[in-house]
Amino acid sequence: MLKPFPVVTLLTDFGLQDWYVGVMKGVILRINPSAKIIDICEKIAPQDVFGAAYVLFSAYKYFPEQTVHVVVVDPGVGSDRKIVCLKTKEHIFLAPDNGILSFIIAHEKPEIMVEVTNKKYFLPEVSNTFHGRDIFAPVAGHILNGVKIENFGNKISKIKEITLPSPVLLSNGILTAEIIYIDGFGNLITNIDCNVLGKVGFDINLTKGRFSILAGNNEIAGTSKSYADVNDGDLLAIFGSSGYLEIAVNKGNAKELLNLKK
């Protein structure tokens, strides 16, 4: 069996109009020319740590074992915030210590966590504004080359977490949720999954007449199995590919129609 190329993913808020993502890839390839670099997303909303945490959680599990996930949504770049490297059973994560790995550690047990401080693995000159190029990318390249995580710094037992919002069941039987992410289609993704509904007694297989969903001032009867279950331009509620309930418009944009935000 052929040995697979080492895989590294990038998740940033750098966008595609500048050279930032490209130069990170260049740094990685100078250290490991056989690296296979995959863009998860480079268009996270600027400084949106929570959005990045959600996207990372939705994507990482579909990559091969030992993939290195590099996340650079880093409003605190140049400050005293830490950079952390975390290894689970199947994946490695390299990210600023700003809560961006909260979804990961809520669902995965870290085998080891270190604070990345060993300048031996950085670029010779480190800017205060582009740690993605000067620290994250070279460290990722060295991980792909087989450098053990312990070599990058001291072990730590805790990293920063952000509060992951949970739906709230009110005494009148109403389950209140939050919009936690809005995708490129304008779909409003909530913090409700199938397990949450089951625990509070809602049956997603029951549709019209049994429960309704209020999004803003718009009422939706039950959930749909596909976007095409409703007419073009109509609202619907559906469990999307990440397993969370989303409010959508068939061939339309729910964000624009409802004027709702995270």
What verdict does the ring pair (Phe, Tyr, Trp, His ring centres under 6.0 Å) test give for His69 and Phe63, after you've listed the backbone C-alpha separation in whole Å, the side-chain angles of each residue and the deciding distance to 0.1 Å?
CA-CA 10 Å; His69 300 281; Phe63 285 87; 5.7 Å; yes
Looking at the rings of Phe130 and Phe136, which for Trp means the six-membered one, are their centres under 6.0 Å apart?
no
Without swapping roles, check the side chain of [X] against the backbone of [Y] for a donor-acceptor pair under 3.5 Å.
{"X": "Lys61", "Y": "Phe57", "result": "yes"}
{"X": "Thr9", "Y": "Ile40", "result": "no"}
{"X": "His91", "Y": "Lys87", "result": "no"}
{"X": "Asn191", "Y": "Pro165", "result": "yes"}
{"X": "Asp97", "Y": "Glu115", "result": "no"}

Within a radius of less than 6.0 Å around [atom1] of [X], do more than 12 heavy atoms belonging to other residues, nucleotides or ligands occur?
{"X": "Asn154", "atom1": "CG", "answer": "no"}
{"X": "Lys262", "atom1": "NZ", "answer": "yes"}
{"X": "Asn259", "atom1": "CG", "answer": "no"}
{"X": "Lys251", "atom1": "NZ", "answer": "no"}
{"X": "Asn217", "atom1": "CG", "answer": "no"}
{"X": "Lys160", "atom1": "NZ", "answer": "no"}

Heavy-atom side-chain proximity of [X] to [Y] below 4.5 angstrom:
{"X": "Met113", "Y": "Val84", "result": "no"}
{"X": "Leu236", "Y": "Asp229", "result": "no"}
{"X": "Ile83", "Y": "Phe152", "result": "no"}
{"X": "Pro75", "Y": "Asn98", "result": "yes"}
{"X": "Thr67", "Y": "Ile38", "result": "no"}
{"X": "Thr12", "Y": "Tyr20", "result": "no"}

Which atoms form the tightest heavy-atom contact between Ile182 and Ile179, and what is the distance?
CG1-CG2, 4.0 Å
Look at the rings of His107 and Phe103 and say which category their plane angle falls in: under 30° parallel, 30 to 60° tilted, over 60° perpendicular.
parallel
Does one side chain, of Ser58 or Tyr181, offer a donor that lies under 3.5 Å from an acceptor on the other?
no
Is there a donor in the side chain of Asn250 and an acceptor in the side chain of Asp234, or the other way round, less than 3.5 Å apart?
no
